[in-house]
Every structure is written in C-alpha cells, then in structure tokens.
Amino acid sequence: MTVARQARPRRDVRVALEICAVAGLYYGAAELGLLQQLVRGQVTPLWPPSGIALASLLLLGPRVWPGIALGAFLVNVTLGPSLPAVLAIAAGNTLAPVCSYVLLRRAGFRSELNRLRDALALIFLGAFTGMLLSATIGSGTLALTGVLDAGDFASTWSVWWTGDAMGVLAVTPVLLLLRSARWPRGVPPARWAEGILLVAATACVGFVETSDTPLLFLGFPLLIWAGFRFGLAGAAPCALAVSIFAIVAAGQKAGPFAGHDLFTNMITLQAFNASASLTALLLGAAMGERAQTEREIAQACGQLAEMATRIATSDRRPALPVRRNDQEAVSMESDTASE
C-alpha cells in the first residue's frame, strides 16, 4: 500500500513532464512551420505539429493529449481573431491526431512500421482521414468569424488539410524511428561511406530544387536509393528533407513554382510532397517486410537443420541391451512355437 502511494506521485510528475514536453515541441514545430505560411499567416503546406502530435500519442499514449491542446492554444492565441475561435481551432488541432490515433489502434498499427499494412494505415487513416477534422473545424471557424470569404474556403481547407496530412506523412515516421534508433555496430567502412554520400547527394539535390531550375524529380532517385539500401530508416528522413527543400522553393517561387498562382503552386507542391512521402513509406515498409521474411526463413532453415542433426544422431545410437526378463519371455515364446 505504501509503495503504491509513493509510486503514484512519481507517475503523476512523469505524466506532467511529458505533457509539458509535448506542448513545447508542438509550439516550437509550429513556429518553424509558420515560416512558410501561405494563407492568412497560419495555414502552411507542411504542418509539423500534426506529425509530432500523432507520434506523441503513439509513443506515450493518449494521456498526453492535454499537451497537444496546450501547444495548439499557445500557437493560435496570437493568430486567431477571437478567443472562441482560438479555442475552436485548438480543439480541431487536438481532435485530429486523437482521431488518427484511435483509427490506427483499431487497425492494429505497429509503431515499428515494419509491415506494408502499417504504412498504408498511416497514410490513409492517420494522415488522409484523421486530418479532415482539423482542416474542417479550422477553416469553418475562420469562415464563420468572417475572416475568410466564401470563395476562399475551398482553397484554405485544401491547404490546411494537405499541410496537416503532410506533417503526419513526413514527420511521424521519422519520430517513430528515432525511438528505436541505435548506434550501428560492426558496420563496414563502405557502408558508412555510402550513407555519407547519400546525405551529400540529398543536400545537393536540395540546392538544385531551390534554384531557378525546375528539377524536383531529382529527389526520387534518392528516395529509391535510400529505401533499397537503408530501408525506412534512410527513406523517411530523405523524404522529409526533400519535402522541406520543395516547400522552400515554393515559398520563394523558384524553379517549377515561378510564374504561377497560389493554387497551381499548391497543387504542384503537395503532389510532389505526397509522392515523395508515399514512395518513402511504401518502399521502406516493403524492404522491412522482405528483411523480416528473410530472417524468418533463415530461422526456419536453422531449426530444420537442427532437427535433421538430432534425427541422424538418434539413428546412430547403439541398440539398447535386452533385459533378463525380456530374454526369458522371448525364449518361452520360441519354445511354445516349436511345440
């Protein structure tokens, strides 16, 4: 009884610290995301807090939802037109990742992302479906308060929804992988050299994407390279980096985003970001499944070899000596047969 009483305050303190950490990460990521705002200073093509919120729920559990709500309120309190509008937008930003979390848990989602079904669940349930709440509540609140005109609702809603969805697709896998990340041991120098070369190539492609040359497609060979050689651990960070460079290029109206209106640039940007994230997730999950299958096959072969060895060893054992009672029974049976 005494131990339980002592453990409860410690658990409460831990939960409080987790909530504060989630709120701080949410607020900091939101400030970074707002650097590339496109609609009314608070709607961006990539909203990292949505990815942080969903990853926090998956890793820490639903008990940290107050941290998401607190972070969303602190971000929108200086942006919203009124306090009720701020509360409504913060509620939408909180309900969206909670809904995604519930959908993923019901679908049997694993945070390791080592199955193709986990990648598909994160894409269609965690990103595309769950983020409908935040976009609808947020855009509807701005429209009801008179901040948005009726003609701007559709464009604002699309930017809001795709921004939140891209935050889940680009940020959540990276955070989930960081939890299980370990410093690799026994890696040959050639493998390290290949990883460094991949990082350098990604940086070079990023500079090309932000230049006046429309070469966004150069990011896809890097994603394929990272996925095949390093699995999801290489593909997810590569997709995040490529998407960030594309967003910077869109904000600067450089490369393929030059000379177009906002709607056209948003379609181009979000199509590219979605394609990059889908490629990374699906390829990384497929490679993870293949590696798992290879391990299971190797384990099964080892068990079969061990069983074959045991069978062969048992066949070579000398015959057991016949006991005296057995010898007498055999002799009596032979005498009976002769009579």
Give every donor-acceptor pair under 3.5 Å between a side-chain atom in residues 198-205 and any protein atom, sequence neighbours left out.
{"unit_1": "Thr202", "atom_1": "OG1", "unit_2": "Leu198", "atom_2": "O", "d": "2.8"}

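In this structure, the side chain of Arg229 does not engage the main chain of Ile224 through any donor-acceptor pair within 3.5 Å. A side-chain donor-acceptor contact under 3.5 Å links Thr172 to the backbone of Gly51. Formation of a donor-acceptor pair under 3.5 Å by the Thr156 side chain with backbone atoms of Phe153 is not found in this model. A donor-acceptor contact shorter than 3.5 Å links the side chain of Trp161 to the backbone of Phe128.
Shown here for Leu116 and Leu282, the closest heavy-atom pair between the two residues is CD1-CD2, 3.9 Å. Smallest separation of non-hydrogen atoms from Met131 and Ser50: SD-CB, 4.0 Å. Taking each heavy atom of Leu125 and Leu104 in turn, the nearest pair found is CB-CD2, 4.2 Å. Here the closest heavy-atom approach between residue Ala239 and residue Ala280 is recorded as CB-CB, 3.6 Å. For the pair Leu122 and Pro173, the tightest heavy-atom approach, listed with the atom from each and the gap, is CD2-CG, 3.8 Å.
Two residues are said to be in side-chain contact when any heavy atoms from C-beta on lie closer than 4.5 Å; Ile137 and Trp160 fail this criterion. Between Phe228 and Leu223 there is no side-chain heavy-atom pair separated by less than 4.5 Å.
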Checklist entry - Going through the distances and angles, do Ile68 and Leu57 end up as a side chain to side chain contact (heavy atoms under 4.5 Å, CB included)? => result CA-CA 9 Å; Ile68 301 173; Leu57 292 171; 3.9 Å; yes
Checklist entry - Could you walk me through whether Trp47 and Thr162 pass the side chain to side chain contact (heavy atoms under 4.5 Å, CB included) check? => result CA-CA 9 Å; Trp47 187 241; Thr162 53; over 6 Å; no
Item to check | Residues Val171, Leu54; criterion side chain to side chain contact (heavy atoms under 4.5 Å, CB included); working and verdict | outcome: CA-CA 9 Å; Val171 177; Leu54 182 55; over 6 Å; no
Next on the checklist: Show, in sequence, the C-alpha distance, side-chain angles and deciding distance for Val15 and Leu60, and conclude whether the side chain to side chain contact (heavy atoms under 4.5 Å, CB included) test is met.
Outcome noted: CA-CA 9 Å; Val15 173; Leu60 302 176; over 6 Å; no
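In summary, the side chains of Ser134 and Asn93 do not present any donor paired with an acceptor at a separation below 3.5 Å, with no hydrogens or angles considered.
Within the structure, every pair that satisfies the side-chain hydrogen bond (donor to acceptor under 3.5 Å, both in side chains) test and touches residues 297-308, not counting sequence neighbours, is listed here: Glu306-Arg310.
For the pair Arg117 and Phe109, the NZ or CZ position fails the cation-pi test of under 6.0 Å to the six-membered ring centre and within 45 degrees of the ring normal.
In the displayed structure, Trp157 atom CH2 is contacted under 6.0 Å by more than 12 heavy atoms of other residues, nucleotides or ligands. Around atom CZ of Arg14, no more than 12 heavy atoms belonging to other residues, nucleotides or ligands sit under 6.0 Å away. The 12-atom threshold is exceeded at CZ of Phe217, counting heavy atoms of other residues, nucleotides or ligands nearer than 6.0 Å.
Aromatic ring centroids of Phe245 and Phe272 lie 6.0 Å or more apart.
The cluster map of Ile, Leu, Val, Met, Phe, Trp and Tyr, joined by side-chain heavy atoms under 4.5 Å apart, puts Val22 and Leu70 in the same cluster.
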